[in-house]
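Heads up, the thing below is written out as structure tokens.
This is a predicted model, so every value here is computed, not measured. Each ligand, and each atom within it, is numbered from 1 in the order the structure gives.
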Amino acid sequence: MKVNIETKFTECTAHAPASTANLGPGYDVFGLGLDALEDIVTVKINKSPKTIKNNLKIITKGHGKKNIPNDPDYNTSGIVARKIISDYNLHNYRCLIEIEKNIPVGYGMGSSAASAVATAISFNSLFGLEMDENKLLDYSAEGELASAGVKHYDNIAASLFGNFVVVKTYPRLEFIKIKAPKDLIVVICVPQIKVPNMKTEVSRKIIPRKVNLEKTVHNIANACSIVAGFCNQDINMICNGINDCIVEPVRKKMIPGYDELKKRSMEEGAMAFTISGAGPSSIAFSNSRKKSLHLAEVMREEYKKLDIKCETFLNRPSNGSKIVSKK
Ligand code: HSE
């Protein structure tokens with residue numbers, strides 16, 4: 001790709017939020033940005049030692065640091081950076097990427113997507129690449145290859161744009177952004193269980209390849225209710241649609257105590273409950289802070305019964321990724 005690159009900047013920092021994908025029936029289609037946690041990525045050019053391999057180096061810090069590789073070939077940000085460097089012919093720059101990993105890695109909170117998005121927008125801004133939103137989405141999605149083995153766009157779109165996003169990939173990549181109701185609260189519960197390497201890839205493989213028409217009709221109807229609910233800013237309508245008879249029944253087997261957790265949460269006031277992305281985190285939906293705090297407590301209690309530690313986070317819809325400094 002031929003672009004005139006003249007950058008007077010040497011450093012750019014971006015934040016990108018966590019997200020939840022699918023929202024029940026919207027497998028690979030729906031994403032919602034969550035505001036409780038975000039990854040922070042700083043890209044520095046020509047500041048690292050002259051000897052770095054292939055002119056790209058990654059440094060990680062933050063809680064999730066030990067759970068992600070530093071080798072750019074296997075790191076979400078590294079894969080995104082390599083693709084941009086190659087397509088925009090930036091090989092002559094020495095790039096150092098510092099990742100502050102705050103979103104739990106491999107727990108269904110769009111952790112890989114957040115780092116990928118923050119990397120893509122940093123490169124775009126630093127080098128003045130003038131990517132449009134579709135390009136940013138597509139380059140960021142390269143990073144999902146590291147955890148899912150395929151490019152899926154739902155977490156990426158939610159982290160990049162924030163709020164609620166519908167992603168279409170057929171016949172071409174397109175997205176629809178819809179503002180989420182400001183009173184919507186998503187309680188996310190992250191169990192401290194061991195997750196397989198490449199968890200998203202593993203949990204995608206167990207989903208049936210063929211689905212019967214009746215179940216497809218149910219899921220489409222529910223998905224439509226969710227979209228209509230976001231368009232109408234109607235939390236009840238959104239939550240009525242969060243029912244999935246295709247993916248949840250198989251994936252819940254990877255989550256200890258899921259049925260009981262869902263039953264209790266619904267009895268205790270959740271307006272809807274489902275798996276967050278590929279799990280093992282679960283999400284409960286609510287419209288009040290008081291109810292949400294109670295739900296978080298209920299979820300922690302349920303895991304305590306199973307002797308499993310868990311963390312809970314209350315989220316409002318996020319406004320998406322942003323560049324926070326450039327110098
Ligand atoms: N749509 C993806 C999946 C989201 O369910 O595999 C992964 O977070």
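- Here the protein heavy atom with the shortest distance to atom 8 (O) of ligand 1 is N155 OD1, 2.9 Å.
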> Given the rule in the ring pair (Phe, Tyr, Trp, His ring centres under 6.0 Å) test, do Y258 and F273 qualify, once you have shown the distances and angles that lead to the verdict?
Replying inline: CA-CA 10 Å; Y258 181 81; F273 188 97; 5.6 Å; yes

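- Contacts between R251 and ligand 1, counted as non-hydrogen atom pairs separated by less than 4.0 Å, involve the side chain only.
- In summary, the atoms of ligand 1 found under 4.0 Å from a heavy atom of R204, numbered by their order in the structure, are 1 (N), 2 (C), 3 (C), 6 (O).
- Ligand 1 lies within reach of A278, whose nearest heavy atom is under 4.0 Å from it.
- If you check the side chains of K199 and S147, you find no donor sitting under 3.5 Å from an acceptor.
- For N92, the CG atom sits in a loose shell: 12 or fewer heavy atoms of surrounding residues, nucleotides or ligands are nearer than 6.0 Å.
- Within 6.0 Å of NE2 in H91 there are more than 12 heavy atoms belonging to other residues, nucleotides or ligands.
- Closest heavy-atom approach to atom 2 (C) of ligand 1 among the candidates V167, I156, D28, I275: D28.
- Residues F9 and I45 approach most closely at O-CD1, 3.4 Å, considering heavy atoms.
- Proximity to A21 (heavy-atom distance under 4.0 Å) selects the following atoms of ligand 1: 4 (C).
- The contact set between ligand 1 and Y27, taken as ligand atoms under 4.0 Å from a residue heavy atom, comprises 3 (C), 5 (O), 6 (O).
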>> Go through it in stages, so that I can follow the logic: the residues are N219 and Y27, the test is side-chain hydrogen bond (donor to acceptor under 3.5 Å, both in side chains), and I'd like the CA-CA distance, side-chain angles, deciding distance and then a yes or no.
In response: CA-CA 10 Å; N219 267 29; Y27 177 71; over 6 Å; no

